[in-house]
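To find a chain, count down the sequence lines: A is the first, B the second, and so on, and within it residues start at 1.
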Protein chains: 2
Amino acid sequence: MSTVGKALSLLNLVASLSEDTGLSEIARLAALDKATARRLLVDLEAHDFIEQDKATKRYRIGAAPVRLARIREARFPFLRTAIPVVKALNEETEETCHLSEFSGHELWTVHVETSPRANRVIVDVGSCYPLHATASGLALLAFLPEESREAFLAQPLKAFTPHTVTDPEALRARINETRARGTSVSRNGLEPGVISTAAPVLSADGLPVGTISIAAPEVRVDDARLAELNSAAQAAASRLSAALYGLDIRQKR
Amino acid sequence: MSTVGKALSLLNLVASLSEDTGLSEIARLAALDKATARRLLVDLEAHDFIEQDKATKRYRIGAAPVRLARIREARFPFLRTAIPVVKALNEETEETCHLSEFSGHELWTVHVETSPRANRVIVDVGSCYPLHATASGLALLAFLPEESREAFLAQPLKAFTPHTVTDPEALRARINETRARGTSVSRNGLEPGVISTAAPVLSADGLPVGTISIAAPEVRVDDARLAELNSAAQAAASRLSAALYGLDIRQKR
DNA sequence: CCTTATCGGTTCATTATGTGAACCTTCATT
DNA sequence: AATGAAGGTTCACATAATGAACCGATAAGG
């Protein structure tokens with residue numbers, strides 16, 4: 001792997017740690033030599049992607065991404081466009097809604113609007129869940145090019161609950177359903193008692209750039225309600241695709 | 001220079017270009033070989049820091065910084081904390097106020113609240129002005145460690161108007177005044193007819209992380225008004241330092 | 001008070017990685 | 001058909017990355 005690749009992976013790793021972390025632990029987590037990890041951290045720090053607490057000597061994510069993100073958002077206002085859509089979906093459904101973005105072969109939660117109900121599902125911004133165990137993941141997989149999908153299915157897949165589907169053949173069936181219907185459903189895939197539904201946000205070339213999804217406690221969702229949530233998620237995702245990239249490609253077919 | 005350093009500088013460069021740019025031009029601007037530039041771009045693209053338009057083959061900043069920025073801001077809410085302060089200053093003074101952040105040896109404009117007046121100063125988010133020609137730059141230099149300041153003053157300094165101070169000795173005098181008073185003033189340093197004043201935002205260790213500044217058409221600013229703006233900027237910066245890092249260090253002295 | 005085990009950080013011989021002149025293909029212009 | 005400039009690729013060579021061993025500091029345990 002290229003040195004730059006290692007540095008960026010390391011940056012990702014440090015960003016994913018929820019508190020300042022020491023050199024040795026970072027090196028261990030990244031499976032890099034301590035000297036190598038340090039050199040990369042120093043390089044990243046010189047450009048403010050990482051910062052080191054002078055007192056504790058521990059490392060954390062720096063300020064440079066914020067500056068770059070402003071530039072990116074000024075040109076491609078993904079969040080600025082997407083957040084109102086997610087908010088509206090949240091108000092309409094009164095369930096936890098979240099927006100995920102596909103970046104670096106993974107699906108990252110970039111915005112969450114939490115349900116106003118007492119019994120609700122909590123999703124963390126910044127989290128990154130396995131594609132096969134979530135509704136968002138299925139929605140994404142369904143619209144990914146065949147080869148990317150198969151590459152994913154070829155990996156060993158972990159089960160998170162007794163309900164997690166890990167068999168590639170069974171997953172293919174669910175993915176095909178998802179593609180036909182336009183929305184995915186996951187019951188207890190990642191956490192027991194949670195049902196979620198998701199629809200892909202598609203770019204101008206028809207490839208998914210992310211997903212919008214709704215997660216609710218299973219007790220509130222009967223079949224009729226599930227159909228409602230499905231079409232709400234679908235509508236929100238289509239609206240967002242259209243806002244970002246012009247007419248939704250699915251409507252052109 | 002390390003390969004990682006080159007990659008990050010290249011990323012910075014691409015981010016600073018206001019439109020999609022081809023490989024050859026990027027290589028030229030970065031003073032890198034075309035093959036090297038491409039390898040770095042590919043590495044950056046693999047992690048979504050850069051993206052390439054499939055149709056035009058041109059490169060632009062990618063989505064990864066947005067994801068990292070959300071994580072950073074969740075932990076260190078610089079903008080979330082700072083923007084209300086800048087807004088309040090703008091409402092109080094009715095002049096254009098902006099927040100700059102010191103990152104990578106440069107001072108970047110990260111937020112602007114524009115004056116409601118017809119005759120007003122416009123400052124662009126994302127811009128990066130020379131330290132010696134702006135009030136913000138002087139405020140920053142005044143509170144930087146001696147060696148960083150001297151390293152900056154040792155460079156050749158460009159004059160932007162006949163009023164731009166470029167003599168290191170004269171600048172030192174103005175910097176010392178600034179440090180003594182706590183705020184800097186720049187008359188016509190960068191653009192004729194503009195007067196601006198700035199105060200540093202200081203972190204817990206007393207080093208500047210950025211500045212808050214006010215820019216106004218000279219015709220509206222007599223000595224009394226200047227004193228008002230000075231103390232308003234100073235108060236805003238102190239409030240922000242306190243909000244971000246606890247008690248303002250200057251008040252402890 | 002010495003031993004042991006961490007920690008962050010550094011060194012330097014070895015080696016893998018990055019480099020760039022020259023090359024290829026494509027495409028628009030002359 | 002010739003030209004030039006684009007994006008992209010190749011490979012002998014040079015440089016920069018690597019990591020085992022090291023240092024000094026700090027903390028816990030006997």
Side-chain angles (χ1 to χ4, degrees), chain A residues 1-62 75 104 145 147 203-205 207, chain B residues 1-62 75 104 145 147 203-205 207:
Chain A
M1 194 199 225
S2 71
T3 311
V4 174
K6 277 175 220 161
L8 298 177
S9 299
L10 188 66
L11 174 58
N12 248 322
L13 173 75
V14 174
S16 75
L17 300 171
S18 54
E19 45 182 56
D20 297 5
T21 308
L23 173 60
S24 297
E25 194 177 347
I26 290 174
R28 208 177 307 125
L29 291 169
L32 290 171
D33 185 88
K34 204 166 46 134
T36 301
R38 171 143 213 286
R39 249 174 322 100
L40 297 178
L41 287 168
V42 167
D43 287 346
L44 289 164
E45 193 189 8
H47 289 259
D48 268 328
F49 283 79
I50 291 281
E51 71 184 23
Q52 183 180 32
D53 190 301
K54 280 187 185 117
T56 66
K57 300 279 184 183
R58 295 161 103 82
Y59 299 88
R60 68 171 85 103
I61 184 163
R75 291 231 278 144
E147 57 188 81
S203 77
D205 54 12
L207 292 177
Chain B
M1 194 198 226
S2 72
T3 311
V4 173
K6 276 176 222 162
L8 297 177
S9 300
L10 187 67
L11 174 58
N12 247 322
L13 173 74
V14 173
S16 75
L17 300 171
S18 55
E19 45 183 54
D20 296 6
T21 308
L23 173 60
S24 297
E25 194 177 346
I26 290 175
R28 207 178 308 126
L29 292 169
L32 290 171
D33 184 88
K34 203 164 48 133
T36 301
R38 180 159 145 80
R39 250 174 321 100
L40 298 178
L41 287 169
V42 167
D43 286 347
L44 289 164
E45 193 190 7
H47 290 259
D48 270 327
F49 283 81
I50 291 280
E51 72 184 21
Q52 183 179 29
D53 189 300
K54 278 184 186 123
T56 66
K57 301 277 185 184
R58 294 163 103 81
Y59 299 87
R60 69 170 84 102
I61 184 163
R75 291 231 277 144
E147 57 188 82
S203 76
D205 55 11
L207 292 176

Between A:Tyr59 and B:Ser2, the residue closer to the 5' end of DNA chain C by nearest nucleotide is A:Tyr59

Can you tell me if the side-chain N/O atoms of A:Thr36 get under 4.0 Å from OP1 or OP2 in D:dA17? no

Check whether B:Thr21 reaches the backbone of B:Glu19 with its side chain - one donor and one acceptor, N or O, closer than 3.5 Å. yes

In this structure, how many angstroms lie between the C1' atom of D:dG19 and the CG atom of A:Leu23, rounded? 13 Å

For A:Gly22 against A:Arg58, the heavy-atom pair lying closest together: N-CG, 3.9 Å

Hey, does the side chain of A:Gln52 reach the backbone of A:Lys57 with a donor-acceptor pair shorter than 3.5 angstrom? yes

Measure the distance from CZ on B:Arg38 to C1' on D:dA6 and round it to the nearest whole Å. 13 Å

Boundaries of the DNA chain C segment in contact with chain A, non-hydrogen, under 4.0 Å: C:dC7 to C:dG18

Could you give me the CA-CA distance, side-chain angles and deciding distance for B:Leu32 and B:Arg39, then say whether side chain to side chain contact (heavy atoms under 4.5 Å, CB included) is met? CA-CA 11 Å; B:Leu32 290 171; B:Arg39 250 174 321 100; over 6 Å; no

Quick check against the 3.5 Å criterion: does A:Glu51 have a side-chain atom that pairs as donor or acceptor with the backbone of A:Arg60? no

Over all heavy atoms of both residues, which pair between A:Leu11 and A:Phe49 is shortest? Give the atoms and the distance, please. CD1-O, 3.5 Å

Check: B:Leu17 and B:Leu29 side chains under 4.5 Å, non-hydrogen atoms: yes

Any side-chain N or O of B:Ser24 less than 4.0 Å from the OP1 or OP2 oxygen of D:dG7? yes

Where protein sits on nucleotides 20-29 of chain D, one letter per nucleotide: B base, S sugar-phosphate only, - none, heavy atoms under 4.0 Å: B---------

Respond yes when some side-chain nitrogen or oxygen of B:Arg39 is under 4.0 Å from OP1 or OP2 of D:dT10, and no when none is. no

For the residue pair A:Leu10 and A:Ala37, what are the closest heavy atoms and their distance? CD2-O, 3.9 Å

Measure the distance from CG on B:Asp20 to C1' on D:dG7 and round it to the nearest whole Å. 15 Å

DNA chain C nearest-nucleotide lookup for A:Gly22 and A:Met1: closer to the 5′ end is A:Gly22

Hey, is B:Lys6 close enough to B:Asp43 for a salt bridge, meaning N to O under 4.0 Å? no

Separation of atom CG in A:Leu32 from atom P in D:dA17, rounded to whole Å: 14 Å

For B:Gln52 and D:dA6, give me the distance from atom CD to atom P, rounded to whole Å. 15 Å

